[in-house]
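Because the structure is predicted, anything quoted here is derived from the model rather than measured.
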Amino acid sequence: MTINRLLVANRGEIARRVLATCRRLGVETVAVHSDADADAPHVAEADQAVRLPGDSPAETYLRIDLILDAARRTGADAVHPGYGFLAENAEFAAAVIDAGLTWVGPSAKAIAAMGDKVAAKTLLADAGVPMLPTWTEPDQVSGFPVLVKAASGGGGRGMRVVRDAAGLAEAIASARREAAAAFGDGTVFVERYVEHGRHVEVQIFGDVFGTIAALGVRECSIQRRHQKIVEEAPGVIPPEVRERLHEAAVAAGRAVDYVGAGTVEFLLTPDGEIHFLEMNTRLQVEHPVTELCTGLDLVRLQLLVAEGEPLPAEAVYPKTRGYAVEVRLCAEDPAEGFRPATGVLHRFAVPGVSAEFGALTGTGLRLDSGVVDGSAVSVHYDSMLAKLIAWAPTRGEAARALAGALARAELHGVTTNRDLLVRVLRSPEFAAVEVDTGFLDRHPEVFVPLVPSDRVPLYALAGALASAADRRANAPVLAGLPSGWRNVPAYPQVTRLLGPAGEVEVRYRLDRTGGLAEWAVRPAATGPSGDGAVPDGPRIDSGDAGAAGSSTGAGGGIPAVALVSAAPERVVLDADGVRYAYRVHRVGTLSHVDGPEGSVTLTELPRLPEPTAELAPGSLLAPLPGTVTRVHVAAGQRVAAGDLLLTLEAMKLEHPVLAPIDGTVVELPVPTGGQVDTGAVLAVVNPLEDAR
């Protein structure tokens, strides 16, 4: 059964990944999309595209009837489910086959068997696969800590660590709500939680002739919200443990007559014991590290197996070469509990990429991205933007190359986890393979931004100089005058910026030759009326081109700074005899400044801001668009700092809104089920002494 036209029932990065292999093989492609994804890259790259109608941009991808209708209308003869959405839906697999189409995946029976994680544990335990203690009812739980897990789905959703009996009931209720929202199934179970355990997994592949091959182990221990963000292959694992993992994974595949790509996940304890976690009946997000270490194209293998071909010898007896490390670049704020971020990605540029969605010919970087410049990052889908993968002969080389490319990447318009990923890759503990699922909890230092606070003033100065150069370049008259030229040169240029540390004033004065005579970056002053206006005119009190009032440099003193050049997109400064180049990308009032240490985003503020409506004191605002799923308190109720007030659902995750102080709830303007935009008032809490 030859596949001639393939419909990809997914979106984003995985849809583009499948399309890339199809192009190499000469297979025609069909994309599907919601209204929110009409201009997405995967839609543009497919040979044909079909809109999936519906009011909910996320739910449209779950409509089996719409996807089958799209296949019929376009003449597709096969369906690839990608991962997520319907990829592990046995009903979908059966419907595709019943429609006379080729299903690129395991059988509906295997999907159903592994889709219920509780039933899967029982089945595989009988096959000799080692298991952790598991309970299906709260009153059965014996001993803590434990992990509450969703019986369906994956991706870390519907998972909660519970360390004592008092927190079990709420953790189960919360996990059920999140699982129901993400997978349409709120069933959960509880299993023993292992401290300092490593999350490892085996890529398996089966064909219709009964061959089950293990293609190697991946290390996936560094996680946030129980979802992986750094993955490696082949993993630093003792040979005897690797062999046991391979044997257990193949046994799991044989227990369900597995066909296609699958992943068997295990927990590796500090003493070398392995325990089955779950089996994912699909291609995994982290499959590129396996591809780069084996030279195999796993999507090609999926298509071959779906066409009834046997696994080729290079897959049955894979050879591993070198080392691959992958990171998941996500639109989220690690400093705010990994809260998802939305917006327009004004620029997405990663330097040194050797290949996209494909093999490398040697040491290099591979990018699998779901976004391009101008892509909208919405609240409807998962926060992952792209995966960046490095391959090198050694683990250290791969990690160093990956960290360097990430640090130099231009990621403008949406908050990302880039700085955290770079710090993880550069940490001594990562280099020493001292990793487990609690890595981020033990290392708060990786949450520190790449640009040190005492270097931010230089980024602010560069941003202000670039802004002035841009205005000068676009001036209708007198564009040839030096930047900042005045009849009274003793008076400085003043730019107010909102940056990482709040509002600041950048004040600088240029001499008659265009050189930097004086400069300072200070916390923003306010006008006499308190309206935030900054009066122009006060002379800068530094005697030379030093940073009066700014943080001291690494050497303990204020750096002497000279201006080498200033253009709208590039500023070069000489600080204490060392030249630093800053790339500046301006979008409206935003200046994205990329420098030697990392990136800083600055917002240029008006000199005379318009008055705005004042919020009531104690207002708690929605951090992103979403739906209020539960309100836990009532107006007039006293609360303590840290108490749960309400729950906001966005991007299929629950975000708790907590009381910031001891006080009284005086207002709850949004009822359960209410939808809100970013910045909407969710609650008002007054301090106890101010409560009325």
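Salt bridge annotation for Glu505-Arg496: absent, with no cationic side-chain nitrogen under 4.0 angstrom from a carboxylate oxygen. Look at Arg366 and Glu326 and you find no salt bridge, because none of the NZ, NE, NH1 or NH2 atoms lies under 4.0 Å from a carboxylate O. At a threshold of 4.0 Å, the pair Arg471-Glu604 counts as salt-bridged, since one of the basic side-chain nitrogens sits closer than that to a carboxylate oxygen.
At most 12 non-hydrogen atoms from other residues, nucleotides or ligands lie less than 6.0 angstrom from CG of Asp39.
Defined by atom type and a distance below 3.5 Å, a donor-acceptor pair is present between the side-chain atoms of Tyr83 and Glu13. Defined by atom type and a distance below 3.5 Å, a donor-acceptor pair is missing between the side-chain atoms of Gln203 and His287. Side chains of Glu518 and Tyr508: a donor-acceptor N/O pair is absent below 3.5 angstrom, by distance only. In this structure, a donor-acceptor pair under 3.5 Å is present between the side chains of Glu597 and Tyr459. Side chains of Asp333 and Thr415: no donor on one and acceptor on the other come within 3.5 Å.
Each of Arg442, Arg198, His199 was compared with Asp436 under the side chain to side chain donor-acceptor pair (under 3.5 Å) criterion, and only Arg442 meets it. Checked against Glu332 for a salt bridge (charged side-chain N to carboxylate O under 4.0 Å, His left out), the options Arg224, Arg225, Arg418 give a single hit: Arg224. Checked against Glu291 for a salt bridge (charged side-chain N to carboxylate O under 4.0 Å, His left out), the options Arg17, Arg321, Arg218 give a single hit: Arg17.
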* Asked: Should Val236 and Tyr323 be marked as a side chain to side chain contact (heavy atoms under 4.5 Å, CB included) after you check the CA-CA gap, both sets of side-chain angles, and the distance that decides it?
  -> CA-CA 10 Å; Val236 182; Tyr323 212 95; 3.7 Å; yes
Practice problem: Check step by step if salt bridge (charged side-chain N to carboxylate O under 4.0 Å, His left out) holds for Arg583 and Glu569. | Solution: CA-CA 6 Å; Arg583 306 182 307 278; Glu569 296 183 354; over 6 Å; no
task = Could you go through the salt bridge (charged side-chain N to carboxylate O under 4.0 Å, His left out) check for Arg16 and Asp368 one step at a time?
result = CA-CA 8 Å; Arg16 298 184 75 196; Asp368 286 17; over 6 Å; no
CA sep, side-chain torsions, deciding dist, call: Asp594, Val584, side chain to side chain contact (heavy atoms under 4.5 Å, CB included): CA-CA 6 Å; Asp594 294 285; Val584 183; over 6 Å; no
- request: Start with the C-alpha gap between Glu286 and Arg328, add the side-chain angles, then the distance that decides, and say whether salt bridge (charged side-chain N to carboxylate O under 4.0 Å, His left out) holds.
  value: CA-CA 9 Å; Glu286 56 273 23; Arg328 302 189 191 189; 2.9 Å; yes
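In this structure, the ring of His592 has its center less than 6.0 angstrom from the ring center of His412. Taking the six-membered ring where the residue is Trp, the centroids of Phe338 and Phe447 are separated by under 6.0 Å.
Distance alone, capped at 3.5 Å, is enough to place a donor-acceptor pair between the Asp419 side chain and the Leu450 backbone.
Between Phe430 and Arg395, the closest side-chain pair of non-hydrogen atoms falls below 4.5 Å.
In this structure, Thr495 OG1 and Leu605 CG are separated by 10.0 Å, a value rounded to the nearest 0.5 Å.
Closest heavy-atom contact between Val377 and Ala331: CG1-CB, 3.9 Å.
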